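Remember, predicted model here, so these are calculated numbers, not experimental data.
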Amino acid sequence: MLTANKLMPQGRGLAPVLLKRAATIELDWDVRQKSRFDATDSQGRQIGIFLPRGTAVRGGDVLVAEDGSLVRVIAAPQPVLRITHCTAHGTPFDLTRAAYHLGNRHVPIELKPDHLKIEPDHVLADMLRSMHLIVVAVEEAFEPEGGAYGSQGHSHGGHSHDHGHDHGKSGPKPLVLAPELLDDDHGHDHSHDHSHGHSH
């Protein structure tokens, strides 16, 4: 079995011809969020992937095998819930509210300008429908938003931003709370009125 322990985010720095020639592996999010897994590429080779802990593999990333060969990762279609706002009963701002409530529950979310995507969950689907949102089960690639404080920095759809200014030299200092002041009980005891009667 080949091993691969190097990841090139979005294949940056590689010539397009090399990317075109590379073998591919198609993986869903459940596998791509792991740093160690086995996979079979498009050439039928078994590859053991060993990446630093906490590394998530994104569609378009390129793995480098021990023999120097390249393997391009494709985000496999998988069951997801596609969430859009209801044009009859709501506004696009409803998606912002939905992202806030889902974030409170630490749900992985893919953010798009006109919709959200989450993994299937009938309880969350009911909650979202009660907020006048349209929830549809589809099979699509899933690329949830990374953590704001993750080791990979700003990642927006596979490219990094150099803002050209230093966030640390001017402006107010960030507020840092001592651990004993943080309350782990977030009080996620929300009640929702499901009696709107909206059926999408």
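No donor-acceptor distance shorter than 3.5 angstrom exists from the side chain of Glu143 to the backbone of Arg58, with no hydrogens or angles considered. Of the possible donor and acceptor atoms, one in the side chain of Arg129 sits under 3.5 Å from a partner among the backbone N and O of Val135.
One finds the CG atom of Leu70 at 9.5 Å from the NZ atom of Lys6 (value rounded to the nearest 0.5 Å). Between the CG atom of Leu18 and the CE atom of Met8 there is a distance of 9.5 Å, given to the nearest 0.5 Å. In this structure, CZ in Phe50 is found 6.5 Å from CG in Asp38, a value given to the nearest 0.5 Å. One finds the CD atom of Gln43 at 10.0 Å from the CG atom of Leu2 (value rounded to the nearest 0.5 Å). Here NE2 of His89 is found 12.5 Å from CG of Leu133. Values are rounded to the nearest 0.5 Å. If you take NZ on Lys117 and CG on Leu111, they are separated by 11.0 Å, rounding to the nearest 0.5 Å.
Minimum interatomic distance between Phe142 and Pro108 (heavy atoms only, all atoms of both residues): CZ-O, 3.7 Å. The shortest non-hydrogen separation linking Val62 to Gly11 is CG2-CA, 3.6 Å. A pairwise comparison of heavy atoms in Ala99 and Leu116 identifies N-CD1, 3.9 Å as the closest pair. Across Arg32 and Gly59, no two heavy atoms sit closer than the pair NH1-N, 3.8 Å. Across every non-hydrogen atom of Leu128 and Ala98, the tightest pair is CD2-CB, 3.7 Å.
The hydrophobic clustering, which links ILVMFWY residues whose side-chain heavy atoms are closer than 4.5 Å, places Val64 and Leu7 apart. By the criterion of side-chain heavy atoms lying less than 4.5 angstrom apart, applied directly or through intervening Ile, Leu, Val, Met, Phe, Trp or Tyr residues, Val31 is grouped together with Ile47 in one hydrophobic cluster.
Remark: Glu119 engages no residue in a side chain to side chain donor-acceptor pair (under 3.5 Å) (not counting sequence neighbours). Looking at residues two or more places apart in sequence or on another chain, you find no side chain to side chain donor-acceptor pair (under 3.5 Å) involving Ser35. Taking the side-chain contact (heavy atoms from CB on, under 4.5 Å) definition, one finds that Pro79 meets it with Pro120, Glu139, sequence neighbours left out. In this view, Glu26 and Ile74, Ala76, Pro77 satisfy the side-chain contact (heavy atoms from CB on, under 4.5 Å) rule, not counting sequence neighbours. Scanning for salt bridge (Lys or Arg N to Asp or Glu O under 4.0 Å) contacts around Lys112 gives Glu110, with sequence neighbours left out. Scored by the side-chain contact (heavy atoms from CB on, under 4.5 Å) test, Ala137 finds Leu81 as partners (sequence neighbours excluded). Applying the side-chain contact (heavy atoms from CB on, under 4.5 Å) test to Val107 and every residue at least two apart in sequence or in another chain returns Leu102, Arg105, Ile118, Leu124.
Between Phe37 and Leu27 there is a side-chain heavy-atom pair separated by less than 4.5 Å. Between Ile109 and Pro144 there is no side-chain heavy-atom pair separated by less than 4.5 Å. At a threshold of 4.5 Å between non-hydrogen side-chain atoms, the residues Leu63 and Val73 count as touching. No side-chain heavy atom of Val71 sits less than 4.5 Å from a side-chain heavy atom of Thr24. Between Tyr100 and Thr96, the closest side-chain pair of non-hydrogen atoms is not below 4.5 Å. Side chains of Arg36 and Leu51 form no contact here, defined as non-hydrogen atoms less than 4.5 Å apart.
Screening residues 63-84 for salt bridge (charged side-chain N to carboxylate O under 4.0 Å, His left out) gives Arg45-Asp67, Arg82-Glu140 as the qualifying pairs, with residues at least two apart or on separate chains. Sequence neighbours left out, the pairs with a member in residues 85-103 that pass salt bridge (charged side-chain N to carboxylate O under 4.0 Å, His left out) are Asp94-Arg97.
With no hydrogens or angles considered, a side-chain donor-acceptor pair links Asp61 and Gln10 at under 3.5 Å.
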*For Thr84 and His115, run side-chain contact (heavy atoms from CB on, under 4.5 Å): C-alpha distance rounded to whole Å, both residues' side-chain angles, the deciding distance at 0.1 Å, then the answer.*
CA-CA 5 Å; Thr84 53; His115 68 275; 3.6 Å; yes
*Could you go through the side-chain contact (heavy atoms from CB on, under 4.5 Å) check for Val80 and Val138 one step at a time?*
CA-CA 6 Å; Val80 291; Val138 294; 3.6 Å; yes
